[in-house]
Structures are given as C-alpha cells and as structure tokens.
Protein chains: 2
Amino acid sequence: MSDNQTLAEKVFSELATAIVRGEIRPGERLSEQALVDRYGGSRAPMREAIQKLEARNLVVRVPHAGARVVSLSLEELRDIYEVRLELESMACRLAAERMTDGEVAALQELLLEHARTIEADQGQSYYQKSGNLDFHFRIIEGSKNRRLHQMLCGDLYHIIRMYRYQTSTSSKRPQQALGEHQRIVEAIAARDAELAELLMRRHIQASLTNLEQRMVRESTESGI
Amino acid sequence: MSDNQTLAEKVFSELATAIVRGEIRPGERLSEQALVDRYGGSRAPMREAIQKLEARNLVVRVPHAGARVVSLSLEELRDIYEVRLELESMACRLAAERMTDGEVAALQELLLEHARTIEADQGQSYYQKSGNLDFHFRIIEGSKNRRLHQMLCGDLYHIIRMYRYQTSTSSKRPQQALGEHQRIVEAIAARDAELAELLMRRHIQASLTNLEQRMVRESTESGI
DNA sequence: ATACAGAGGATTGTATACAATGTAGTCTTT
DNA sequence: AAAGACTACATTGTATACAATCCTCTGTAT
C-alpha cells in the first residue's frame, strides 16, 4: 500500500523538495551513483528520477556529462516572472468568468481568515507561506484551464519558489498584499473579468519590480 | 560525428515527428519492446525516449501500464489554444519593444516574399506550412524571452501541429492572414506594443473560434 | 611558470537479466 | 448466459554488467 508509487517517483519528489528548499544548491551536481548510495536501489530508477527533474526544469542534463541543479541567471529569472505575470493575470480573468458562486464565496471566506491571522500574528509567518500560495492556487484552479494550471503550478511554481523571491517580496507588506487580494476577489465576485485581470497584473507586477531591484542589489553585492 | 547524439535522443526525435505527422495515432500504445524491434538497441534508451516524449506532453505514461500517444479531448485542446493565444500575444508585445531594427526589417522582407509567393502560388501550399510558422517563430524569438520561446515552441507547438487545426484554419484565407501579418509588423515597426499585441490577439483568436466551430462539427458528426 | 598532451579514473550510455505488476483469457458458479 | 475469480502471459520496473565518453591529474616541453 505504501509501495504504490515507483521508486523513481519517490526519489523524484524527495529530490524536488530538497532542491526547492535549497538543501541541494543551484549548480550542484547530481551523480547517479551518489543517489544510489543515498536512496538505495539501482541506477535505473535514479536516472528516471533525474529525467523527471529535467522535465520540470529543475535540473539541466548534458549528454555524457551528467546533471546539475539548474542555476538561473538574472535574465532567465526575469523571463520566468514575465511569463508568470502574464499567465496568472490570464487565470484571474478566466476565474472571474468561470468560478462558481460557491467558489467565490469560499475565496472570500479564505480572505477573511487571512485577515484574522494577520491581525493575530502580525502577519509574519502564516500568510506569506501557505496563505499567499493558497490564494493564488484557487484563482488558478478557478480558471478551469487544466493546461494553464499545469504550466503555472507544475513548471513555473517550483522554480519560483526555489528562488524565494515571491515569499520574500510579500513578507514586507502582508497587509498591503491582503488588500490587493481583497480587491481582486471583489472584481471576481462582480464578474468584472477585465478589472480582475488588471488588478492581478498590478499585484504580481509589484513582485516583479521588487525582484528586479533585488537582482540589481545582489549582482552589485556579489560583483564587488 | 554522426553519432554525436545518443540513441535515446534519436529515437525521441523520430517518434516525435512520427506522432506530430499522425503516423502514430492518438491513443496508440508505445511498447518498449516494439520500439526495440523497430529501432534496434535495448529497452533502456527506448524508455528514455518515451520519457522525453512524456516531458513534452506527447505521450501519457501510467505506472506499470505503459505509454500511449496523447489523445486530447476537445476541452484540453481549447485549453491549449487559450494559453497559446495569451502567450503569443504577449510575445508580440515584447517583440515590439525588443526587436532590433534589423530584425524588424528582415520581418518586413519576409512578408514581401510571402506576398509574392501567394500571388504566384494561389496561396495553397507554401504559405500555410513554413511561411506561417516562420512568421510566428520570428515574433516569438523577437520577444527575447527564452522561457516564453521554450514554452511556445517546445511544449505547445508540437501538440498544436499534431492536431493540424492551425494550418487547416489559415489555409482557408491565406491572403487575409497575410494582411493581418502585415498590420502586425507595421505596429511592431512603429514600436506600438499595445497595438501589436491586440492585433496578434485578434489574429490568433480567429484560429481559436475556427477551432471551436470545427470542434462542434466533429463532435456532432461522430456523436451521431 | 604556463600551456598542452596523454593516461588513468570516474561517470554516463547501453545491454541483458530478473522481479513485480497489469492484462487477458478461461473456467467456474450462480 | 452473465458475472466473477483464477491462472498464464505480457509488459513494465528494477538490478547488474559492459561499453563509450568525459573529466582530471600528471608529466613534459616551450
């Protein structure tokens, strides 16, 4: 019953979380033999796990040379954020058109809970972690576009989380982000798709500009 | 020198083109042993080729049950087109901002060539095949966003081509499509990003609505 | 001292063999 | 006759062994 999934899948998910959490650093090499020593089994499942990681853009593989954890340049990170900005804005527009009334009500309830949590918690830990993601997840699912969901949650999500720019951005201003979230939900509840898209675009744009500032800071810091 | 790429990569690209061309039909099963019999080698490279196909969403694999060529429902196809519509419109906006003057000039030259070809050829074969794709490719590359390029050309392109809706759509009206292309390039040359995005959005929207009509037709035909 | 060449080792790509799981076909039972 | 269970087969998942490629370290020559 616990052995329902294959060894390759187990190793894949373990490695994926390890990479996202930074326990395996960008640029670090993934030797197949080393994975065998660590997780047991043989090289075949390890190879398969590495290939799955490559499919999600978490590692880069070159023939005969091995696999390394992806190490994104600042330009590549900007590219990813640009795409995410566009796709999530799109998701928000579609969500305004396609979410059921019940889903909208649940979303409003979620924000009320967030508001309570921020008040009690000073908005430190809870909101920026599961709360923020939960909000965005629900919007994406509300788009009722499975491919969009797959691209945002499967392909882009891991990399974005890996670099932590999203969370570190919103940690500065949880109450402001909450206000933006509330206005987005208002637009969705009013079925105003254009406005909902616009507000989401601005909301994520704040993260992007914050990211770009951070990029400049870090590059000058490390460059000197 | 010819053996530079691995066997897995060769089998992958052969299978990918075979699937896209329809030589292997949607839903058809891909047995590892059958691939060994056809392409030679052993099961290991065949497995790897299948995994690469899965990474590009060309096949679906279920543990212990094998791999099948993806068979998209009408809803999934609509989802893909929706995403493509959004991403290519975005690419067009970015291209208007980021293409060099030389690239814009080359694009204008390309359209002139297309116009000549249509006049000579009645716009039957050439334009809808390489010409149309070439135009869209250049726009995407002009966005200077490599992730966007990867998503559109790598992930979505194969599936879209597999179902041929794009080509069959534009074959009806090559001269009209050319006119739309020309207006798009005009907007890019004028560095009017908003207009360029809008025009591209309308241009692809035509394909999408045509696709939806075709979807309804086919579903009613096969449903009776 | 530096740059280049070569040999050795380490790692990946491929092949083969075995184990585990899914599938189909038949037989039994209701 | 239809439904369900059991058995045999086929296919995938995994393990091990071999081949090909690349990386590194050392030694030599400039």
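Reckoned from all heavy atoms, side chains included, excluding hydrogens, waters and symmetry mates. Letters A, B, ... are given to chains in the order of the sequence lines, protein chains preceding strands, and every chain is numbered from 1.
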Residues two or more places apart in sequence or in another chain: which of them pass salt bridge (charged side-chain N to carboxylate O under 4.0 Å, His left out) with R147(A)?
->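 Checked R147(A) against salt bridge (charged side-chain N to carboxylate O under 4.0 Å, His left out); zero matches.
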Rounded distance in Å - [atom1] ([X]) to [atom2] ([N]):
X      : N       : atom1 : atom2 : answer
L30(B) : dT12(D) : CG    : C1'   : 14 Å
F12(B) : dT14(C) : CZ    : C1'   : 19 Å
L7(B)  : dG13(C) : CG    : C1'   : 9 Å
H64(B) : dT12(D) : NE2   : P     : 12 Å
Q33(A) : dA17(D) : CD    : C1'   : 13 Å
K10(A) : dG13(D) : NZ    : C1'   : 12 Å

Which part of the nucleic acid, if any, lies within reach of I50(A) when heavy atoms closer than 4.0 Å are counted: base, sugar-phosphate only, or nothing?
->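 The residue I50(A) makes no contact with any strand.
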Give me the ring orientation class for H149(B) and F137(B): parallel if the planes are under 30° apart, tilted from 30 to 60°, perpendicular past 60°.
->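 Rings of H149(B) and F137(B): tilted, 30 to 60°.
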Among the candidates dT14(D), dG13(C), dG13(D), find the nucleotide nearest to the side-chain atoms of A8(A).
->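 Nearest nucleotide to the side chain: dT14(D).
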Pair E86(A)-R93(B), salt bridge (Lys or Arg N to Asp or Glu O under 4.0 Å): steps then yes or no | CA-CA 12 Å; E86(A) 197 74 23; R93(B) 181 185 76 237; 3.2 Å; yes
Just wondering, more than 12 heavy atoms not from R61(A) lying within 6.0 Å of its CZ?
->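 It does: R61(A) CZ has more than 12 such atoms within range.
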State whether R61(B) places a side-chain N or O below 4.0 Å from either non-bridging phosphate oxygen (OP1 or OP2) of dT11(D).
->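 Negative; the distance criterion is not met.
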Side-chain N,O (R68(A)) to OP1/OP2 (dT12(C)) below 4.0 Å |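 So the side chain of R68(A) is outside the cut-off, no N or O lying under 4.0 Å from OP1 or OP2 of dT12(C).
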Which value, rounded to the nearest 0.5 Å, describes the distance between I50(A) atom CD1 and S31(A) atom OG?
->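 Interatomic distance, I50(A) CD1 to S31(A) OG, rounded to 0.5 Å: 7.5 Å.
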Which residues, if any, of residues 37-48 of chain B bring a heavy atom under 4.0 Å of DNA chain D?
->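 Within residues 37-48 of chain B, the residues near DNA chain D are R43(B), R47(B).
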Ion pair D101(A)/R191(A), N-O distance below 4.0 Å |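 Yes.
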